[in-house]
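For reference, the structure is listed below as structure tokens.
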Amino acid sequence: MQTVETLNEGLKRAYTVTIPASAIAGRVDAELKRVAPQIRMPGFRPGKVPANLVRKMHGPALHQDALNTSIQEGIQALISEKQLRPAMQPSVELTEGYEAGKDAELKVELEVLPQVPAPAIEGLKLERLTVPVDDAAIDVQLKRFADMQKRWEDAGDKAAETGDQVTMDFVGKTLDGVAFEGGTGTDMAVELGAGQLIPGFEDQVVGVKAGDERQITVTFPEDYGAKELAGQQATFDLTIKAVKTAAESAIDEELAKALGLESLDQLRGLLRGQIEQEHNQLTRTYMKRKLLDQLAEGHDFEVPPSMVEAEFNQIWQQLQHEATHEPDPQAALAEMEAERDDYRKIAERRVRLGLLLSEIGQANGVEVSQQEMNRLIAQAAQQYAGEDQQRFVQYIQQDPMAAAQLRAPLYEDKVVDFLFDKAEVTERETTREELEAAIESEDGFATGTHHHDHDNHKPKQTRGKKKPAASDGEGGATDGEAPAAEKPAKKPAAKKAAKVDEVTATDEAAVEPAAAQAPAKKPRAKKAAPVSEETQVLESDPVAAEAAAGTEAADAPAPKRTRAKKAE
């Protein structure tokens, strides 16, 4: 194999690699000799088919396999010989005019990882903001639980008011009197004023009494999920079954027992633990930002443009998705375009920090154990069902880049913990409000993740008040809620997207830097069949694989936009 370097500029490299025809032919002959005894052909005894006939029948396929294997090994040999550390999978092209019996000439282009300067991790100074859990915070959570366990009492002949619950049957019809699909339901319970239904629906129910029949007219929102109803007027024929008023919410032993606990003290203890966990998470988020800021300020080195481009594209795609849920998508897109350079700088910072943390981890023996990796795989596999779980596990075990992608968030957290131990840390007690404000204002970025609840084609009731979840005191449907498909619903308002966030894996929605958004593919020879998928180019370099898979640190989770602040 002959190698000629044709480009060495910054982090870009290019080579011409020539694979002798004799080497490819040798592979074909060896494979022919191996498979010939297995070939069966009418008129010949098993294993006695002449080699020339086998070559005639299977020669092109054997040659293609031999070519692909030769290309793959040639790239591996090039990387080893030149001691290259590819930032991304190399681009490999088979030159025009190649045919069997000729030397194979390849054009190989790639970017290499930079030589990261010895990371300056001495002298780091961090402040740990702590928030004690007081009884008032627990009381607030208890009140939420009590409100979600609201008891309703029959109001008899009382006219329904805002805040009351009305149980009704309904039939939705177009203006020409034709009932539409999904517009019929029975025994739907709605709390008036909760904003659960199409705008204007609940207002027209105020004043009804048990036994009343009423027809109302509503206009579906322009962005309603069922396109045939969006922006259209419709009528609903209502039969009122009952009107109920809310009984006073009580925080007592019965509340705890209704939640499956033994006592109110046990419930308070669980809430205290959850709030402490939330505070600790906020504290870590703040410290991590400050740590990454210090690392970014103390290190400046060239980063591979291809990794920056991959990260920028990931940010941009997320921002475009967010923009579609803004009140004015076109204005949001225009604002994005005006700030494109800001987002590209963020992408570059993420990549640089990802490389830096990967280097720090490798230099200091930080690693994810096999036991930890097995636990990660098992947790990730649970999102699949049945046989798909095992297929996912096999995929991770066989694909080094996919494994690196899965490992990256935990690896990053371990590197961050290592740096926390190295830093000089002072503590200061504060309030939750002040800590959250400090995180939100840090570098002009906002925290939080964006969630959508897109409507399907059936009119349905949106979730109104939420039942506190075990983790954060929010989330979950209200008990006793009727099936969603049986309820007329309003279109959920799109949440305001926030700016690209500088928090990392701790916020659950981290965008991994570099190429880790999908398992990397091996170089494929153009004008030839796909190169064998058995070996990953980056597999031999842990730092390269870890960086390309994306230490999530590259300092931010899913981009969040807000109109109020510009990215810094």
Side-chain angles (χ1 to χ4, degrees), residues 125-134 136-137 140-141 144 274-297 314-315 318-319 321-323 325-327 332 335-336 338-339 342-343 345-347 349-350 353 409 412-413 416 420 425-452 466 468-469 471-475 493-511 513 552-568:
K125 295 183 179 181
L126 298 171
E127 183 179 46
R128 179 183 287 113
L129 301 181
T130 61
V131 180
V133 180
D134 57 22
V140 169
Q141 295 284 43
R144 290 181 183 175
Q274 290 174 5
I275 295 171
E276 285 178 348
Q277 186 176 10
E278 293 171 7
H279 291 177
N280 291 339
Q281 193 68 35
L282 290 170
T283 295
R284 180 182 175 84
T285 295
Y286 178 77
M287 288 182 63
K288 191 171 183 178
R289 285 191 175 183
K290 290 297 187 180
L291 171 67
L292 295 176
D293 285 346
Q294 291 186 48
L295 291 176
E297 291 170 2
Q314 181 68 18
I315 292 174
Q318 181 67 24
L319 290 171
H321 174 72
E322 296 287 345
H325 299 280
E326 291 277 7
E335 183 182 348
M336 282 169 49
E339 298 171 350
D342 292 337
Y343 293 119
K345 290 176 183 178
I346 291 171
R349 170 182 159 115
R350 287 186 181 184
L353 282 169
E412 173 196 329
D413 277 344
V416 168
F420 281 169
V425 180
T426 58
E427 289 197 10
R428 177 167 63 89
E429 190 173 299
T430 186
T431 64
R432 177 166 182 154
E433 291 73 21
E434 290 174 346
L435 178 54
E436 289 177 336
I439 293 173
E440 185 168 344
S441 64
E442 178 71 14
D443 290 334
F445 294 99
T447 59
T449 53
H450 178 63
H451 300 280
H452 307 308
K466 301 288 185 175
S471 60
D472 61 4
E474 296 183 90
K495 295 183 181 179
K496 188 87 167 173
K499 204 64 137 171
V500 175
D501 192 348
E502 290 276 340
V503 187
T504 56
T506 57
D507 274 355
E508 300 179 352
V511 171
E552 283 201 6
D555 88 308
K560 308 295 171 192
R561 306 186 69 252
T562 181
R563 312 246 177 194
K565 303 168 185 174
K566 285 183 69 69
E568 295 180 0

Subject >> Residues Gln141, Arg144; criterion side-chain hydrogen bond (donor to acceptor under 3.5 Å, both in side chains); working and verdict >> reply: CA-CA 5 Å; Gln141 295 284 43; Arg144 290 181 183 175; 3.3 Å; yes
Original post:
Just how far is it from atom OG1 of Thr285 to atom CD of Glu436, taken to the nearest 0.5 Å?
Top reply: 10.5 Å
**OP:** Please name all residues satisfying side chain to side chain donor-acceptor pair (under 3.5 Å) with Thr430, sequence neighbours left out, ordered by chain then number.
**Re:** Glu434
Original post:
What is the distance from atom NZ of Lys290 to atom CG of Leu292, rounded to the nearest 0.5 Å?
Top reply: 11.5 Å
**OP:** Hey, could you give me the OH/CD1 distance between Tyr343 and Ile315, rounded to the nearest 0.5 Å?
**Re:** 9.0 Å
Original post:
By side-chain contact (heavy atoms from CB on, under 4.5 Å), which residues pair with Asp134, not counting sequence neighbours?
Top reply: Ala136, Ala137
**OP:** Would you name the heavy atoms of Leu129 and Leu435 that are closest together and state the gap between them?
**Re:** CD1-CD1, 3.8 Å
Subject >> Interatomic distance, Leu126 atom CG to Lys288 atom NZ [nearest 0.5 angstrom] >> reply: 13.0 Å
Original post:
Considering residues at least two apart in sequence or located in another chain, which fulfil the side chain to side chain donor-acceptor pair (under 3.5 Å) criterion with Glu297?
Top reply: none
**OP:** Report the C-alpha separation of Arg284 and Asp413 in whole Å, then their side-chain angles, then the decisive distance to 0.1 Å, and conclude whether the side-chain contact (heavy atoms from CB on, under 4.5 Å) test is met.
**Re:** CA-CA 10 Å; Arg284 180 182 175 84; Asp413 277 344; 3.3 Å; yes
Original post:
Say you draw a straight line from NE2 of His279 to OG1 of Thr431; how long is it, rounded to the nearest 0.5 Å?
Top reply: 9.0 Å
Original post:
Side chain of Thr426, backbone of Glu127: donor and acceptor closer than 3.5 Å?
Top reply: no
Subject >> Glu276: partners by side chain to side chain donor-acceptor pair (under 3.5 Å), with sequence neighbours left out >> reply: none
**OP:** May I ask you to test the Leu291-Met287 pair for a side-chain heavy-atom distance under 4.5 Å?
**Re:** no
**OP:** Could you tell me which non-hydrogen atom of His321 sits nearest to which non-hydrogen atom of His325, and how far apart they are?
**Re:** O-CD2, 3.2 Å
Subject >> Stepwise side-chain hydrogen bond (donor to acceptor under 3.5 Å, both in side chains) test for Gln318 and Glu322 >> reply: CA-CA 6 Å; Gln318 181 67 24; Glu322 296 287 345; 3.1 Å; yes
Subject >> side-chain contact (heavy atoms from CB on, under 4.5 Å) against Glu427, all qualifying residues, sequence neighbours excluded >> reply: Arg128, Thr130
Original post:
If we only count heavy atoms from C-beta on, is the Ile346 to Glu339 side-chain gap below 4.5 Å?
Top reply: no
Original post:
If you measure from CZ on Arg350 to CD on Gln314, what distance do you get to the nearest 0.5 Å?
Top reply: 8.5 Å
Original post:
Going through the distances and angles, do Glu278 and Val131 end up as a side-chain contact (heavy atoms from CB on, under 4.5 Å)?
Top reply: CA-CA 10 Å; Glu278 293 171 7; Val131 180; over 6 Å; no
